[in-house]
Amino acid sequence: MDPLDIIDNMDKIMPVFQPIISAVKHDVIGYELLGRYIEPDGTKSLGDFFNDPEVPDEFKTEVDQRLLEMALDQLLQQNSDCLLFINRNARQLMAGDGEDFLKTLIEYRKRGFPLERIVLEITEHDFNDDFDTLNHLLLYFKTYGIQIAVDHVGAKSSNIDRIRQLRPHILKIDMSISRHHQPDAFQDIIHSLSMLAHRIGARLLYEYIEDNHQLYFAWKHGGHYYQGYYLAHPDPALLTTDSLSIHVGDHVKEFVHREKAMVSERLAYTARSEDKLKRLTGKWQSPDYADRFIQEVLPLFEAESFRIYICNGDGEQVSSNFRKTAGSWQGEPQQIGSHWAFRPYFLENMMLMKVSHKGRLSDIYADIETGEMIRTFSYPLSDTCFLFVDLSYEFISENDYLLFQ
Ligand code: CA
């Protein structure tokens with residue numbers, strides 16, 4: 001497609017709208033505006049036109065502007081109260097200090113389209129050019145009520161610091177990157193992004209959702225909004241909740257069911273482990289006899305554990321490490337006196353056990369020594385001593401309810 005053809009035939013440009021669905025009510029709350037060009041053999045995406053660095057910015061701005069006006073006309077005409085997500089290239093936007101863009105929006109505000117319903121999507125890799133100017137411009141837009149979304153978050157190494165400064169309302173996470181990463185790596189990226197979102201009060205939108213598994217992932221990892229072919233393709237019409245490809249509520253019901261089943265299996269596992277240890281009630285004497293006590297514990301966790309030890313209430317190890325090597329348990333007395341209170345959640349976990357008199361199962365995490373994904377079952381032997389049973393990856397991987405959290 002020749003860019004000049006497009007500019008000369010502006011009447012062949014048309015907007016399409018891809019629905020964005022809310023996790024809260026399972027309904028369509030907005031649309032991302034995308035562009036199409038009408039050709040004799042059908043419509044073509046304007047993606048290549050916008051992404052081509054050879055195409056002058058003025059051309060892109062002109063087409064963007066036209067699409068925006070057509071889209072706003074359509075939303076007004078149909079009395080839609082949905083959000084409109086608009087893509088803008090940062091450089092293009094900054095060229096005229098964003099005045100043309102703002103002028104158009106203010107015009108439409110007069111006609112009844114509040115600026116609070118505009119979500120401006122800025123791509124993360126645009127941050128490289130003149131970030132301070134962009135930041136100021138976006139701050140200015142925010143004073144008008146315009147919402148800011150950062151697009152394609154996580155696709156490259158994320159500019160956490162810059163996203164913090166921008167304080168966008170929405171982070172758009174590109175699910176297609178999950179297809180190029182190891183599942184663990186992707187999960188870690190998502191974990192840090194959701195921490196960031198939590199801290200700055202941003203909502204997560206997962207886009208490019210293409211199957212049920214990805215929808216489940218998005219639901220499970222704090223997705224406030226969903227977008228993707230699995231739910232709806234971009235369409236010239238403003239698709240309503242009824243015309244989505246799937247019934248989101250039904251799928252979420254199934255996710256909730258699955259999740260509750262896994263939680264209850266984890267609780268049952270914790271209860272079974274507690275019961276095993278209750279058989280040893282009365283055998284625990286004092287830290288001086290900690291190793292002797294662990295000898296009694298070993299056969300109870302033969303199948304699942306590779307390391308067992310005891311700490312006191314200050315997080316100091318009072319027993320040897322008992323480690324299973326080539327199928328048999330070896331004591332490592334040199335570990336007595338190690339301090340573990342510096343580790344995340346360690347003290348909180350112990351104090352909760354002390355109050356509740358119940359065992360606890362940790363989240364899944366990478367063991368510092370082996371690098372393998374493990375969990376720890378911990379149990380209060382008394383008010384001052386706590387048993388730690390590290391569960392092997394082998395055992396975890398055989399049980400879905402332990403492998404996923
Ligand atoms: Ca976008």
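In this text, all values refer to a predicted model and were calculated from it rather than measured experimentally. Indexing begins at 1, ligand by ligand and atom by atom, following the structure's order.
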Listed protein N/O/S atoms, distance to the Ca ion (ligand 1) under 3.0 Å: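 Checking every protein N, O and S atom gives Glu32 OE2, Asn87 OD1, Glu121 OE1, Asp151 OD2.
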Looking at Phe113, is Arg117 sitting on its ring face, NZ or CZ under 6.0 Å from the six-membered ring centre and within 45 degrees of the normal?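 The answer is yes; both the distance and angle limits are met.
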Decide if the gap between the ring center of Phe388 and the ring center of Tyr309 is smaller than 6.0 angstrom.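 Yes, the ring of Phe388 comes within the 6.0 Å limit of the ring of Tyr309, centre to centre.
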Less than 6.0 Å separating the ring centroids of Tyr208 and Tyr229?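 For Tyr208 and Tyr229, the ring centres are not under 6.0 Å apart.
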Counting heavy atoms not belonging to Glu394, are there more than 12 under 6.0 Å from its CD?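 For Glu394, atom CD is not crowded (no more than 12 foreign heavy atoms under 6.0 Å).
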Please work out whether the ring planes of Tyr144 and Tyr140 are parallel, tilted or perpendicular, with thresholds of 30° and 60°.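 Ring orientation of Tyr144 relative to Tyr140: perpendicular.
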Determine the interplanar angle of the Phe255 and His251 rings, folded into 0 to 90°, and report it as parallel if under 30°, tilted if 30 to 60°, perpendicular if over 60°.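 Correct class here is perpendicular.
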